[in-house]
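First the structure, in the form of structure tokens, and then the observations on it.
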Amino acid sequence: MGSLASDRKALLFSAGGVRLALRLGHVREILAVPPDAGEVSVRGEPVPTAFVSTVLGLAAGGSGFALVTEGPARVALRVEALHGIVDLAEAEVFQLPGRTPLPQPAPFAGAIVARGELALELAVSTLGFAPLEPAEELPPPDGGLGAGTERELRFCRSGRTYAVPMSMLVQILEAPRVAKVPLTPPSHRGLLHHARALHPVVDVGVLYGDAPAAEGRTVLLVDAGGAGVGVVADRVVGVAEGGDEVTRPPWDAVFGV
């Protein structure tokens with residue numbers, strides 16, 4: 001019964017500036033340790049130690065806490081800050097959207113949204129100790145230069161003008177909170193929690209070969225075969241018809257539909 005109860009709660013923490021989570025059933029104990037210390041010892045016994053920020057390819061900070069995991073192969077996960085324990089009955093628990101490119105096996109088991117914040121749930125068994133290689137960037141879309149055949153919304157990103165059919169547009173969101181997902185390629189800007197659903201956010205400019213730019217303030221929520229995908233925009237130009245002066249990505253291919 002105790003194990004079942006602990007799996008219904010999660011510890012929230014952060015590493016490298018990214019909010020993370022771990023089911024309490026995976027945590028044996030939590031230790032405060034000197035931030036600059038190396039291997040962790042528990043009651044005089046050394047425990048293999050992984051710096052979570054290093055494994056996930058994030059900027060290292062002072063890792064002043066160690067989460068010692070359960071199981072015969074104990075590991076001490078070094079993290080930077082603790083944010084408390086959440087009852088999952090009072091949170092939203094998600095699988096990651098299908099269009100979340102990650103190295104395999106994935107280092108995340110899902111995501112938890114609690115108190116308005118999104119945390120990625122660590123899959124401890126896949127972490128290891130060495131830095132993981134990020135997922136490869138998706139291939140550039142084919143085409144995109146033909147004339148439009150329906151009313152479309154035009155937007156700018158990284159100096160280019162793109163168009164998305166109005167029939168695919170769900171909503172325009174101004175300055176939404178997008179949570180970074182480590183180890184995804186540059187075109188994947190993170191995850192957006194909106195209307196009780198989790199949506200990947202894509203930078204189409206990167207897919208067309210532009211360098212990753214600053215975060216756009218606008219996200220277009222677009223229907224991708226029944227699931228919403230966010231598209232980053234610097235600004236919305238307006239609604240128009242036809243014309244060949246804009247790029248029209250093959251959105252189904254971009255979204256993997």
Side-chain angles (χ1 to χ4, degrees), residues 1-96 100-135 179-184 190-191:
M1 291 295 291
S3 177
L4 289 175
S6 62
D7 277 338
R8 297 193 187 106
K9 296 183 179 182
L11 174 68
L12 304 177
F13 55 95
S14 59
V18 173
R19 204 171 181 92
L20 302 166
L22 196 60
R23 302 285 175 116
L24 276 188
H26 295 306
V27 180
R28 177 186 293 261
E29 56 187 306
I30 303 170
L31 304 174
V33 295
D36 56 352
E39 190 174 68
V40 172
S41 293
V42 178
R43 287 173 287 281
E45 180 181 343
V47 178
T49 300
F51 286 79
V52 174
S53 58
T54 299
V55 174
L56 298 181
L58 300 168
S63 301
F65 297 92
L67 314 180
V68 182
T69 62
E70 282 285 8
R74 290 188 300 167
V75 176
L77 302 176
R78 295 290 298 272
V79 303
E80 294 159 18
L82 306 179
H83 306 299
I85 293 171
V86 62
D87 188 333
L88 297 183
E90 301 171 358
E92 295 178 86
V93 181
F94 297 93
Q95 292 184 331
L96 295 184
T100 309
L102 286 165
Q104 295 299 314
F108 308 114
I112 297 170
V113 178
R115 306 166 190 153
E117 298 271 4
L118 186 149
L120 297 166
E121 186 176 351
L122 281 181
V124 176
S125 62
T126 69
L127 285 183
F129 301 94
L132 295 172
E133 289 292 328
K180 178 180 178 179
V181 180
L183 302 173
T184 53
L191 293 174

Quick check: do Glu70 and His26 have side-chain heavy atoms less than 4.5 Å from each other? no
Run the numbers on Val86 and Leu88 for side-chain contact (heavy atoms from CB on, under 4.5 Å), then give the verdict. CA-CA 6 Å; Val86 62; Leu88 297 183; 4.3 Å; yes
How long is the gap from CZ on Phe13 to CG on Leu82, to the nearest 0.5 Å? 8.5 Å
Side chain to side chain contact (heavy atoms under 4.5 Å, CB included) test vs Leu77 passes for just one of Val40, Thr69, Thr49, Val55, namely Thr69
Under 3.5 Å, side chain of Arg23 to main-chain N/O of Asp7, donor-acceptor pair present? yes
Side-chain contact, heavy-atom cut-off 4.5 Å: Leu120 with Leu122? no
Closest non-hydrogen atom pair between Ser53 and Gly61, with its separation: OG-N, 4.5 Å
Quick check: do Val68 and Ile30 have side-chain heavy atoms less than 4.5 Å from each other? no
Phe129 side chain reached by Val75 side chain, heavy atoms, under 4.5 Å: yes
Do the side chain of Arg78 and the main chain of Gly38 share a donor and acceptor less than 3.5 angstrom apart? yes
Taking the side chain as everything from C-beta on, heavy atoms only, tell me whether Leu67 gets closer than 4.5 Å to Val52. no
Take Phe108 and Leu56, measure what side-chain contact (heavy atoms from CB on, under 4.5 Å) needs, and give me the verdict at the end. CA-CA 10 Å; Phe108 308 114; Leu56 298 181; 4.1 Å; yes
How long is the straight-line distance from OG of Ser14 back to CG of Leu58, given to the nearest 0.5 Å? 10.5 Å
More than 12 heavy atoms of other groups within 6.0 Å of Glu133 CD: no
Compare all side-chain heavy atoms of Leu132 with those of Pro107 and state whether any distance is below 4.5 angstrom. yes
Closest heavy-atom pair, Ser63 versus Phe51, reported as atoms and distance to 0.1 Å, is OG-CD2, 3.8 Å
Thinking salt bridges, do Lys9 and Glu90 make one under a 4.0 Å N-O criterion? no
Minimum heavy-atom distance between His83 and Ala81, given as atom pair plus value: CE1-CB, 3.9 Å
Between Arg115 and Ile85, the two heavy atoms sitting closest are NH2-O, 3.0 Å
From CD (Gln104) to OG1 (Thr126), nearest 0.5 Å: 9.0 Å
What pairs with Glu29 under salt bridge (charged side-chain N to carboxylate O under 4.0 Å, His left out), at least two apart in sequence or on another chain? Arg43
Taking Glu80 for the side chain and Gly16 for the main chain, is one N or O donor matched with an acceptor at less than 3.5 Å? yes
Would you indicate whether the side-chain heavy atoms of Leu22 and Leu12 approach each other to under 4.5 Å? no
Side-chain heavy-atom pair Leu118, Ile112 within 4.5 angstrom cut-off: no
